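Please read the structure below before turning to the comments.
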Amino acid sequence: QVQLVESGGGLVQPGGSLRLSCATSGPALNYYVIGWFRQAPGKERVGVSYINRSDGSTYYADSVKGRFTISRDDTKNMVYLQMNSLKPEDTAIYYCATDYLAAFTPVQYMGGYTFGSWGQGTQVTVSS
């Protein structure tokens, strides 16, 4: 089982930046892609971005292209989401997720992959 712990959320003004971190742990780190979803109040959770563990290829939702950058540091078992030019509509709980699947685990699609392992989330609030 992959364990995911997000950090780096907070309150930021529109146009500002935040860097989210996802710490992964587990003896196998058994996943192929890792990424970020977000859920705004009263809204469904949606995919934001992912990065392939093997080749480094990335995916971005149209809403964040050009503003967000996902990266990884395999030596530290960390994945990051650099968020620039933040907008109020970026306000959400951000969840780190992988395509590791387990029975009875909620799953969600993003960019052709099925994600089924989830962190607890970190709150991002973009407001004046």
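The first residue in the sequence is number 1, and the count goes up from there. Note that the structure is a prediction, hence the values are computed from the model and not measured. Quick note: numbers below take in every heavy atom, side chains included, and nothing from hydrogens, waters or symmetry partners.
- Here the straight-line distance linking atom CG of Asp73 with atom OG1 of Thr24 works out to 10.0 Å at 0.5 Å rounding.
- For the atom pair Ile93 CD1 and Thr122 OG1, the distance stands at 9.0 Å (nearest 0.5 Å).
- Within the structure, disulfide (SG to SG under 2.5 Å) pairs that include any residue of residues 34-91 do not occur (at least two apart or interchain).
- Between atom CE of residue Met110 and atom CH2 of residue Trp36 there is a gap of 11.0 Å, rounded to the nearest 0.5 Å.
- With Gln39 contributing its side chain and Ala92 its backbone, the two residues share no donor-acceptor pair below 3.5 Å.
- Applying the salt bridge (Lys or Arg N to Asp or Glu O under 4.0 Å) rule to pairs touching residues 83-93 yields Arg38-Asp90, Arg67-Asp90, sequence neighbours excluded.
- Listed by chain and residue number, nothing satisfies the side-chain hydrogen bond (donor to acceptor under 3.5 Å, both in side chains) test with Ser71 (two or more places apart in sequence, or in another chain).
- Residues Asn84 and Leu86 form no side-chain contact, since every pair of their non-hydrogen atoms from C-beta on lies 4.5 Å or further apart.
- Counting heavy atoms from C-beta on, the side chains of Ser25 and Asn77 never come closer than 4.5 Å.
- Residues passing the side-chain contact (heavy atoms from CB on, under 4.5 Å) test with Asp74, sequence neighbours excluded: Arg72.
- Between Ser127 and Pro88, every side-chain heavy-atom pair lies at or beyond the 4.5 Å cut-off.
- Checked options Ile34, Leu81, Val79, Thr69; the residue passing with Ser49 is Leu81 (criterion: side-chain contact (heavy atoms from CB on, under 4.5 Å)).
- Residue pairs meeting the side chain to side chain donor-acceptor pair (under 3.5 Å) criterion with at least one member in residues 95-111, sequence neighbours excluded, are Arg45-Gln108.
- Of all heavy-atom pairs between Ile51 and Gly56, the closest is CG1-O, 3.7 Å.
- In this structure Gln13 satisfies the side-chain hydrogen bond (donor to acceptor under 3.5 Å, both in side chains) test with no other residue, sequence neighbours excluded.
- No donor-acceptor distance shorter than 3.5 angstrom exists from the side chain of Ser117 to the backbone of Val2, with no hydrogens or angles considered.
- Scanning for ring-ring contact (aromatic ring centres under 6.0 Å, His included) contacts around Tyr80 gives an empty result, with sequence neighbours left out.
- Checked against side-chain contact (heavy atoms from CB on, under 4.5 Å), Ala23 has the following partners two or more places apart in sequence or in another chain: Met78.
- Every residue meeting the side-chain contact (heavy atoms from CB on, under 4.5 Å) condition with Ser54, not counting sequence neighbours, appears here in chain and number order: Asn52.
- Taking CE of Met83 as the start and CD1 of Ile70 as the end, the distance is 11.5 Å to the nearest 0.5 Å.
- Judged as a disulfide (SG to SG under 2.5 Å), the pairs with a partner in residues 55-128 (not counting sequence neighbours) are, in order, Cys22-Cys96.
- Checked against side-chain contact (heavy atoms from CB on, under 4.5 Å), Val107 has the following partners two or more places apart in sequence or in another chain: Leu101, Thr114.
- Here Phe115 pairs with Phe37, Tyr50 under the ring-ring contact (aromatic ring centres under 6.0 Å, His included) rule; sequence neighbours left out.
- The minimum heavy-atom distance linking Ser17 with Gln82 is given by the pair CB-NE2, 3.9 Å.
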